[in-house]
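Report on the following structure.
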Amino acid sequence: MIKRIQGYINRFLDEQLDFQERIMRIVFLLAFAAALIGTGRVLAGADPDVLDSLIPLCVVSGLSLYIAVRYRKTRLAAWLLIIVSNLFLFPGIFLSSGGMDSGTPIWFVLGLVYIFLLFRGKDFWTALLLTLAAYLATYLIAYFRPDFMPEAERAYSFIDSYVTLVCVSCFIGIMLKAQSKTYEREKQVVEKQKEEIEQIARSKDAFFANMSHEIRTPINTIIGLNEMILREDISDEIAENAINIQNASKMLLTTINDILDLSKLESGKLEILPRQYEISSMFSDLVNLIWIRAHQKELEFKMDIDPELPSMLYGDEVRIKQVVSNMLTNAVKYTDAGSVTLTAKSERVAPDVILLRISVEDTGQGIRKDSLEDLFSSFKRVDEKENRNIEGTGLGLTISKQLMEMMGGTISVDSVYHKGSIFTIELKQRIVNSRPIGVINFAAQKQMSQRERYKQSFIAPDARILVVDDNTMNLMVAVKLLRDTRVRVDTAESGKECLKKTGETFYHAILMDHMMPDMDGEATMKAIRNQTRGFCQKTPVIALTANVMSHAEQVYQNMGFDG
Ligand code: ADP
């Protein structure tokens, strides 16, 4: 029985209902309860005249309640209650029970409070004006035609007024309490949901970080072992295959980094880290990156880099490079014939600040006017049909736009469909050294072929290093890549094994994986530095990681790694 009643109450104050609807139900219930109590009182022996008004009130509020709960037509129920009680019943009681000498004016207050609780917007104003007009008419009738009203006895007036005062204040009090209770509960629900959303966001971040690590590690193995194949004396066909494996793996790495960047941007965890940088080295990195790709597609790659650009600036070189390289890669991707032009200019906007303007122009397929708007929104690739065969995720420009905004700059595009596009970024950079860069000879840095015969840059048979990684595949790649240098390479598969070796042997350098079970790379590095009977307290420890995100180097140096 109790369970059943609880069920009814739960259904009655269903948490799925919106706030206003729940308040309405409480109001209808109270109105019904009031009328029921009044009717009961009269039936028990009070003044039977009042029954005329209480019975209809009981019926109407009961009906409103039924309509609201059964049919969910709360608006209809509210109007029913207001029309019957405010326009007919309360004025009727007023005129039939002695007007100002009765307790009815206090019921009028309840009628007005109903309106404030039940209605919103246009309905509210309509109900309020109608009620005020009805009350005014009632007062006017009472004033001008006192003969319409029975004379109230003095004792009756006082008792009626007191009882009404107590009833109405209790009702209003209960309604306010119910309202604030509902509000509190609503707030708790919202807070719980907020916490859940934050929890989901946290696990999403952790998932992305773990997943990208899990994906990068094997890709690095592929790239490393593939590099070993390229270093061998192999046939042209095998070399071509190996180069394609290399390109595809690098492409995959870029995509994973993009996804990770986007997830960081969304969670507000991506930071802009400004540092001093050489502008010529930035451009040379960009040219190295794009020149071969343009050459492979038989596109002409042109450059117009203002020799007057200051040689050293202060800003986030890594992020600027990321944005420009995305523009360059796109220009090459979406151009089948003609040229790609990289232009850089600057304008002094303050004694030590320039406005740097870098643009990339292509003679490619261009972008339709109506697609230009969508260009910078997440996952949008425009002209999907035409671009079906061109790899891409539609993330690059979204990330670029957000990065430019974070750096206080802009990215814009101008394009003529089937003629070509020009993407431009503009951002302010502080000058560190205003000496002009002059004319840079990038040609010297261009490598004609990706497959130059590998030659180790040094040989050091007396050097001894230790590579620490829990992944044996990584250890194998490291050992193989270092083979031609003739350095003596020892390996350790855990922090513990590493400490055992550094306690026995002196190493010139230690390459240390970051993510390892039990003792991670950071903890192991710190333990080496403080190892009492160790041989390697002063040995440089270099982080070995699949975390090739931008700024990784800075992050590891801050932890205390030497590189
Ligand atoms: P992706 O190239 O990986 O698809 P981007 O965010 O870098 O993603 O670019 C979004 C879309 O903008 C591309 O899919 C392409 O339709 C269009 N686009 C970008 N750059 C160019 C360009 N230089 N020429 C023509 N279309 C472009």
Side-chain angles (χ1 to χ4, degrees), residues 212 215 219 247-266 270 286-287 289-304 318-344 357-407 409-426 549-550:
S212 64
I215 297 174
I219 298 178
N247 289 341
S249 313
K250 284 186 179 163
M251 180 73 209
L252 201 53
L253 267 186
T254 316
T255 307
I256 290 163
N257 287 337
D258 275 358
I259 294 173
L260 203 67
D261 271 355
L262 194 78
S263 116
K264 278 187 167 176
L265 277 167
E266 278 175 356
L270 198 137
L286 286 167
V287 170
L289 172 100
I290 208 63
W291 190 83
I292 292 170
R293 292 196 201 184
H295 181 79
Q296 280 169 345
K297 277 188 89 175
E298 293 178 8
L299 299 175
E300 190 186 354
F301 180 60
K302 297 191 266 194
M303 273 179 299
D304 177 11
V318 176
R319 296 300 178 191
I320 302 174
K321 225 154 62 177
Q322 186 177 349
V323 174
V324 180
S325 77
N326 185 55
M327 299 196 306
L328 286 167
T329 322
N330 279 348
V332 172
K333 263 189 342 193
Y334 299 105
T335 304
D336 290 330
S339 64
V340 169
T341 312
L342 172 69
T343 310
R357 186 175 300 122
I358 304 175
S359 52
V360 174
E361 188 173 1
D362 64 58
T363 56
Q365 64 186 50
I367 301 155
R368 276 183 229 268
K369 269 238 143 38
D370 52 354
S371 302
L372 284 177
E373 266 174 38
D374 288 338
L375 215 55
F376 297 101
S377 42
S378 291
F379 314 120
K380 266 276 163 63
R381 303 195 68 206
V382 299
D383 242 339
E384 301 235 25
K385 239 192 237 146
E386 206 155 322
N387 295 341
R388 212 176 27 230
N389 298 325
I390 304 177
E391 70 229 335
T393 52
L395 286 179
L397 287 178
T398 314
I399 294 171
S400 298
K401 175 146 197 270
Q402 294 191 38
L403 287 177
M404 287 312 294
E405 275 168 8
M406 285 175 80
M407 292 190 284
T410 57
I411 177 162
S412 57
V413 55
D414 198 1
S415 183
V416 180
Y417 196 46
H418 287 322
K419 284 247 154 63
S421 317
I422 173 162
F423 283 81
T424 306
I425 60 162
E426 282 188 335
M549 333 162 264
S550 12

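Counting convention: from 1, in listed order, for ligands and their atoms alike. Computed from a predicted structure; not experimentally measured.
- At least one N or O atom of Tyr334, backbone or side chain, sits closer than 3.5 Å to an N or O atom of ligand 1.
- Using a 4.0 Å heavy-atom cutoff, Gly364 is absent from the residues neighbouring ligand 1.
- Looking at Asn330 next to ligand 1, an N or O pair under 3.5 Å apart turns up.
- The side-chain contact (heavy atoms from CB on, under 4.5 Å) search around Ala344 returns Phe283, Ile305, Leu309, Ile358, not counting sequence neighbours.
- For ligand 1, the atoms sitting less than 4.0 Å from at least one non-hydrogen atom of Leu397 are 5 (P), 6 (O), 7 (O), 9 (O), 10 (C), 12 (O), 19 (C), numbered in the order shown with element in parentheses.
- Using a cut-off of 4.0 Å between Lys/Arg side-chain N and Asp/Glu carboxylate O, Lys333 and Asp362 are scored as not salt-bridged.
- Using modelled atom types, one finds no donor on one side chain facing an acceptor on the other under 3.5 Å when comparing Gln296 with Arg293.
- Look at Lys333 and you'll find a heavy atom under 4.0 Å from some atom of ligand 1.
- If you look at Ile367 next to ligand 1, the close heavy atoms, those under 4.0 Å, all belong to the side chain.
- Only the backbone of Leu395 comes within contact range of ligand 1, with a heavy atom under 4.0 Å; no side-chain atom does.
- Looking only at atom types and distance, the side chain of Asp261 has a donor-acceptor partner in the side chain of Gln322 under 3.5 Å away.
- In this structure Ser415 satisfies the side-chain hydrogen bond (donor to acceptor under 3.5 Å, both in side chains) test together with Ser421, sequence neighbours excluded.
- Taking any N or O of Leu375, backbone or side chain, none lies under 3.5 Å from an N or O belonging to ligand 1.
- Within the 4.0 Å heavy-atom cutoff, Phe376 does not count among the residues contacting ligand 1.
- With a 6.0 Å radius and a threshold of 12 heavy atoms from other residues, nucleotides or ligands, Lys419 has its NZ atom at or below the threshold.
- In this structure, Phe376 and Val413 have side chains that are in contact, with non-hydrogen atoms separated by less than 4.5 Å.
- Counting heavy atoms closer than 4.0 Å to ligand 1, residue Asp362 contributes side-chain atoms (C-beta onward) but none from N, CA, C or O.
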